[in-house]
Amino acid sequence: MTPIRLLILAALAALASSPAMSQSVSTPAPWDQPFLPPPLEWNGASRALLADASNPRITDFERDPAHDFSPDYAATRAWFDRLDAASDLIRIQQFGVSPEGRPIYAVIASKDGAALDPSKPVLLAQAGIHPGEIDGKDAGMMLLRDMAFGDKGDLLDHANLVLIPILSVDGHERASPYSRPNQRGPRIQGWRNTGTNQNLNRDFMKLDQPEMQALRTFINALKPDLYLDIHVTDGMDYQYDVTYGFNGEFDAFSRSPDSARWLDRVFKPAMNEALEAEGHIPGPLVFGIDDQNPRAGLNDGGLGERFSNGWGDAAHVPTILIENHSLKPYEQRVLGTYVFLEASLRILAENIAPLRAAIAADRARRPAEILANFESDPVPHQTRDFKGVLYETYDSPASGRQEIRWLGRPDPEVWRLPYYGSRAGIRLNRPTAYWVPAYRTDIIERLRLHGLTMETLDAPHTVSVEMLHLDNPTLAGRPNEGHVQATVTDVTAERREWTYAPGSVRIPTDQPLGDIAVLLLEPQSSESFFAWGMFPEVLSRVEYIEGYAIAPLAEAMMAADPALKTEFEAKLAAEPEFAANGDARLAWFYERTPFYDARYRLYPVGRED
């Protein structure tokens, strides 16, 4: 063991035994991190869901006396293999391979045999996109066992469950007690990022990683009616143990308004009732805006399409982001997730017709403008009731400021907090189609993975398109998710006759995923391929002119064109810095000559009216 870890363990032992801690914190469990706030008392009825020790198919989570253990990849797969072998209702389907060579698989529970009955709703539940947040895996194992061999087999009469127990399988195996210091259990946790140090929960649009490419292909084939993405929060303490949300829940904006309305008016009331009946406290998916002031207000955490809820909204796949509360014991979180999965199946079975009608209506929408680049609104949208936890502040000798100390007791007073939603930073016009040149095979392949319909040229084709000149692109100062991101706020449209080579594609926006095409191919979109730094070639100038050549040419240009001379002199008078910069002055003339690179900063994706 390294010296630093020995020091940490010694500090934890001292903290746990200190008089101040023993007076303010209930005795921590052997695995607990005594620097965390004390947990709120809980004794929910869902504890009855735990299997008896005599059950031959008990999970490792249930077998653990503290219910704070989650098995590793090999043990998890071996347990599912045994369940598959023992039950005709369970089958395992591999749909990808990780960078480190591990199979990525789903477990399908159905009474339909090899082919799912399309009349039945399909619930897709995904766990472990962040492997330290693995509640869904252990809850799913319990529920699948109970459907195959317990008293929950009726759930499969009118619905099917597809569970991805571990999406980021490589991150799952980078496990230790030191993965998530803000989270209470399980005592061994996977790592947030993949084996290639990528965050899959930022990859729903750009589709960089093999895990996400495989997931998108799988979802496109599966066509789930509801998609649950199961996480665990960070942030402040509060009473809720299961929080969840979806785009359009609090904010007026949704790209799938009919689905959002169903989720809000049908799904949410029924789900909250089911959770409360089992002793859980469901809450809204919100985040504190100020770590130092819990009462400063809440926001929605962002509606970006790089996340599952943002992508699902744009792709018209009803998607719920579940964020169980990190400070609740692992047992409580897993059991809450079990209840969520079971209730979701029942709600789908009873309400599938109106949900599918809502999805169809959303898929038929073709808005002329696409709202994008969401940011937190500085003006609160509303005031919301919030079930907070008592806290105090103290002077920390470590930080040199006042810090929050959560006290582990519910605040009997309901907080009234301002809620700051998101607003769109830009409106993007929807063209009839996009043209992507053949040499960008990587971009074309990602568009295909998304499921976009496209026409591929088998011969050269000249078409009149609108091309965008990027007027003020900037590159980020540091990489993000393996990319140096780019930003452009101003573009100039230019009409050009452009010849596209064989292999180029035309992507019409009159299709259900048309919004996705706009968000990926408009360079001003913060989720576009350009914004993720995938078109660096257009930012490179490859030809120059020497001062001894441009200076006399510029003088001749002014002599021949009085209007040009007037424009130049006006710029000199208005911009002293420009007037004092000889290179900038000559560059101004160079850009107006036919020698200048006409494709410099010209975005190569054409827009068809």
Side-chain angles (χ1 to χ4, degrees), residues 1-2 4-13 15-16 27-37 39 50-51 53 58-82 98 100 102-105 107 126-142 145 163-195 197 199-201 211 230-234 241 322-338:
M1 186 174 294
T2 63
I4 187 63
R5 292 193 176 185
L6 288 171
L7 287 171
I8 290 173
L9 291 175
L12 295 181
L15 180 61
T27 302
W31 68 91
D32 209 350
Q33 296 166 328
F35 53 79
L36 288 180
L50 293 165
I58 191 171
T59 67
D60 288 344
F61 158 76
E62 295 167 298
R63 184 182 293 110
D64 181 64
H67 302 138
D68 192 62
F69 178 75
S70 188
D72 65 13
Y73 175 89
T76 300
R77 180 58 190 262
W79 188 92
F80 278 123
D81 285 339
R82 292 192 297 271
S98 75
E100 294 181 357
R102 296 181 177 91
I104 309 170
Y105 62 92
V107 185
Q126 170 193 290
I129 192 171
H130 290 155
E133 307 164 27
I134 202 62
D135 307 12
K137 179 189 76 176
D138 292 297
M141 293 170 79
M142 291 173 59
R145 183 264 324 280
L163 173 72
I164 300 174
I166 315 166
L167 180 60
S168 179
V169 291
D170 295 342
H172 187 276
E173 293 309 278
R174 184 183 169 183
S176 81
Y178 303 105
S179 292
R180 284 182 60 79
N182 304 311
Q183 181 176 305
R184 178 168 276 113
R187 60 181 176 266
I188 303 296
Q189 304 162 346
W191 193 250
R192 183 177 182 86
N193 281 18
T194 68
N197 199 33
N199 186 339
L200 297 184
N201 197 39
E211 297 96 332
I230 306 169
H231 292 249
V232 179
T233 69
D234 295 311
D241 57 353
I322 301 173
E323 291 276 4
N324 295 327
H325 189 231
S326 59
L327 295 177
K328 303 300 185 288
Y330 191 56
E331 175 193 53
Q332 182 177 353
R333 302 201 315 265
V334 170
L335 294 176
T337 306
Y338 182 115

Looking at every non-hydrogen atom in both residues, tell me the closest pair between [X] and [Y] and how far apart they are.
X      : Y      : value
Ile58  : Arg63  : CG2-NH2, 3.1 Å
Val169 : Pro103 : CG1-O, 4.0 Å
Ile188 : Ala175 : CG2-CB, 3.8 Å
Ser168 : Pro131 : O-CG, 3.3 Å
Ala139 : Tyr338 : CB-N, 3.6 Å
Leu50  : Leu335 : CD2-CD2, 4.0 Å

Heavy-atom check, side chain of [X] versus side chain of [Y], under 4.5 Å:
X      : Y      : answer
Leu200 : Leu167 : yes
Pro165 : Phe80  : yes
Ser176 : Trp191 : no
Asp60  : Trp79  : no

Any donor-acceptor pair under 3.5 Å from [X] side chain to [Y] backbone:
X      : Y      : value
Gln183 : Gly132 : yes
Thr337 : Gly136 : no
Glu323 : Thr233 : yes
Thr194 : Gly171 : no
Arg333 : Glu133 : no

Which value, rounded to the nearest 0.5 Å, describes the distance between [X] atom [atom1] and [Y] atom [atom2]?
X      : Y      : atom1 : atom2 : value
Thr76  : Lys137 : OG1   : NZ    : 3.5 Å
Ile134 : Tyr330 : CD1   : OH    : 6.5 Å
Asp241 : Leu327 : CG    : CG    : 12.0 Å
Arg145 : Thr59  : CZ    : OG1   : 6.0 Å
Asn324 : Ile230 : CG    : CD1   : 8.0 Å
Asn182 : Phe35  : CG    : CZ    : 8.0 Å

Query raised in the report: Restricting to pairs with a member in residues 170-179, which pass salt bridge (Lys or Arg N to Asp or Glu O under 4.0 Å), not counting sequence neighbours?
Result: Arg102-Asp170
Report summary line: Residues at least two apart in sequence or cross-chain that pass ring-ring contact (aromatic ring centres under 6.0 Å, His included) with His231, listed by chain then number, are His130
Query raised in the report: Which word best sums up how the rings of His67 and Phe61 line up, parallel for under 30°, tilted for 30 to 60°, or perpendicular for over 60°?
Result: tilted
Query raised in the report: Does Asp68 come within less than 4.0 Å of Arg184, counting only side-chain N to carboxylate O?
Result: no
**Report entry** side-chain hydrogen bond (donor to acceptor under 3.5 Å, both in side chains) between Ser70 and Asp138, worked out
**Finding:** CA-CA 7 Å; Ser70 188; Asp138 292 297; 2.6 Å; yes
